[in-house]
Amino acid sequence: MSPQPTLTVLGIETSCDETAASVVRRASDGTVEVLSSIVASQIAAHAPFGGVVPEIAARAHVEVIDAVIGEAMRAANLGFSDLGGVAATAGPGLVGGVMVGLSAGKAIALARGLPLVAVNHLEGHAVSARLGARIDYPFLLLLVSGGHCQLLDVAGVGRCTRLGSTIDDAAGEAFDKIAKAMGLPYPGGPPLERLAEGGDPTRFTLPRALLGREGCDFSFSGLKTAAARLAEGVTDPTDRRDLAAAVQGAIARQLTERTHRAIAVYLREHGGGDRRLVVAGGVAANGEVRRALTALATSEGFTFHAPPLAYCTDNAAMIALAGAERLALGLIDGLDAVARPRWPLDEAAALAHPTHAPGRKGAKA
Ligand code: KG4
Ligand code: ZN
């Protein structure tokens, strides 16, 4: 095989409530350097509504996308002629926003004669830990964000097998909704983690989901309802701290239990080698989740990897890296690439075993 060239790629991310652009350089030996990573958050615009409003998100992306891309190029100290390609998130996500970033990527690719890579946002999260450390494929991935909660066997870009997924809410969604019921601001994960500090996680008993059911699927709706009901009667600061600790502990415990089951499935496929566990997505920023997964990995003889904190929540460096890895394999998309609201990483598994009833547009995730 001929040696892979060094690739410098501009990444663009607009699938939810962050407008982001980044330049990443991937050397021929696979080492990665983030030359710039700019994230313009819309959280303040959505906060009064307690969640992301799609129409507000799309408009806000249009307003800042040019400036964010310009800032990423300036911070990297590069011009468009220094790039080897452009990578833009093409889904899954809020389609009005996805179209903004994808169109910007297409325009730059067309104007500069650069190859375009239409990146799956989930693949971005899947490679995000590789922004901070060398982690070889394959690895077992727990992807936990506001919109997704999945366990995946990742053999490389474009080669993921889904081992489990949530049948209702994502873990981040559970953090957000319970935090809202407790009167905490959106997004609820970080303030709930701060409130839980020093709390007693055993004071309140919360339901454990799907205990009798085999497999690696998740469910958070029972926990959400029970915690929201408890929150109504809990006003004393110590009680609130203990409830937050119980919620955080229950979410971390479920994530760890299902990951434990997935380890067995992963090992059947890969044998005893390649014992690598990676967590990614916004919830990967949570200290208790990291502690619980670290303990599990250690007891199972796995190494444990999490992205640097800045690359847990949505960013464009992970999109640029997924694009660079695809470009290195010759995987390029046409300018007719479409924005997709739904785009499962393991499309075959999502269609064969939909955890959500498939909607008009096919399996969600
Ligand atoms: O990956 P991300 O930025 O967006 C999606 O692709 O969904 O994840 C956002 C989610 C939100 O639900 C937020 O509450 C959660 O990640 N999150 C956290 C923490 N930081 C962010 N959840 C728990 N603890 C945290 N420290
Ligand atoms: Zn995300």
Side-chain angles (χ1 to χ4, degrees), residues 11-20 22 37 39-43 46-47 50-52 54 57 89-94 97-98 101 119-129 131 141-150 152 166 169-182 184-197 199 218 220 223-224 227 244-245 247-255 278-293 306-319 321-322 341-343 345 364-365:
I12 301 170
E13 158 61 38
T14 56
S15 68
C16 194
D17 57 351
E18 326 275 5
T19 315
S22 162
S37 179
V39 180
S41 175
Q42 306 173 356
I43 283 177
H46 299 288
V52 179
T89 299
L94 301 172
V98 175
V119 173
N120 184 315
H121 178 83
L122 304 177
E123 188 164 281
H125 279 300
V127 303
S128 61
L131 287 163
L141 172 70
L142 172 65
L143 200 171
V144 268
S145 69
H148 303 277
C149 188
Q150 307 183 13
L152 295 150
T166 181
D169 292 340
E173 217 173 339
F175 268 113
D176 293 342
K177 288 178 178 169
I178 295 169
K180 190 176 176 184
M182 294 182 72
L184 297 169
Y186 174 84
L192 193 139
E193 179 173 14
R194 281 193 294 276
L195 179 61
E197 255 169 56
F218 304 87
F220 292 102
L223 170 65
K224 182 186 69 188
V247 166
Q248 180 175 261
I251 294 175
R253 186 173 57 204
Q254 187 181 152
L255 295 175
V278 176
V279 65
V283 179
N286 185 277
E288 180 56 30
V289 169
R290 286 185 182 220
R291 266 190 298 281
L293 290 170
L309 282 181
Y311 305 131
C312 287
T313 46
D314 287 348
N315 65 89
M318 66 185 195
I319 304 303
L321 178 57
R342 294 161 186 240
W343 186 4
L345 261 188
K364 200 172 167 189

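Note that ligands are numbered from 1 as they come in the structure, with each ligand's atoms numbered from 1 the same way.
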Can you tell me the protein heavy atom closest to atom 26 (N) of ligand 1 and the distance?
-> E193 OE1, 2.8 Å
What is the name of the N/O/S atom in H125 that sits closest to the Zn ion (ligand 2)?
-> NE2
Counting each atom of ligand 1 from 1 as listed, which ones have a heavy atom of G172 under 4.0 Å away?
-> 12 (O)
Considering only heavy atoms of G147, which atoms of ligand 1 have at least one such atom less than 4.0 Å away?
-> 7 (O)
What is the closest protein heavy atom to atom 6 (O) of ligand 1, and at what distance does it sit?
-> D314 OD1, 3.2 Å
Run the numbers for me: atoms of ligand 1, each under 4.0 Å from some heavy atom of H121, listed by number.
-> 6 (O)
Polar side-chain atom of E173 near backbone of A170 as donor-acceptor pair, under 3.5 Å | yes
Atom 24 (N) of ligand 1 has as its nearest protein heavy atom N286 ND2, 3.0 Å
Nearest to atom 9 (C) of ligand 1, what protein heavy atom do you find, and at what distance?
-> G146 N, 3.7 Å
Name the option, out of G282, C16, G189, G93, that contains the heavy atom nearest to atom 8 (O) of ligand 1.
-> G282
Going by heavy atoms, is H148 under 4.0 Å from ligand 1?
-> no
Shortest heavy-atom approach to atom 14 (O) of ligand 1 - which of D176, V39, T313, L309 | D176
For the atoms NE2 of H121 and OD1 of D314, give the angle they form at the Zn ion (ligand 2), rounded to 10 degrees.
-> 100°
Heteroatom distance test (E18, ligand 1): nitrogen or oxygen, under 3.5 angstrom | no
Any side-chain donor paired with an acceptor under 3.5 Å for Q248 and N286?
-> yes
Give the atoms of ligand 1, by number and element, whose distance to some non-hydrogen atom of H125 is under 4.0 Å.
-> 1 (O), 6 (O)
G281 N/O under 3.5 Å from ligand 1 N/O = no
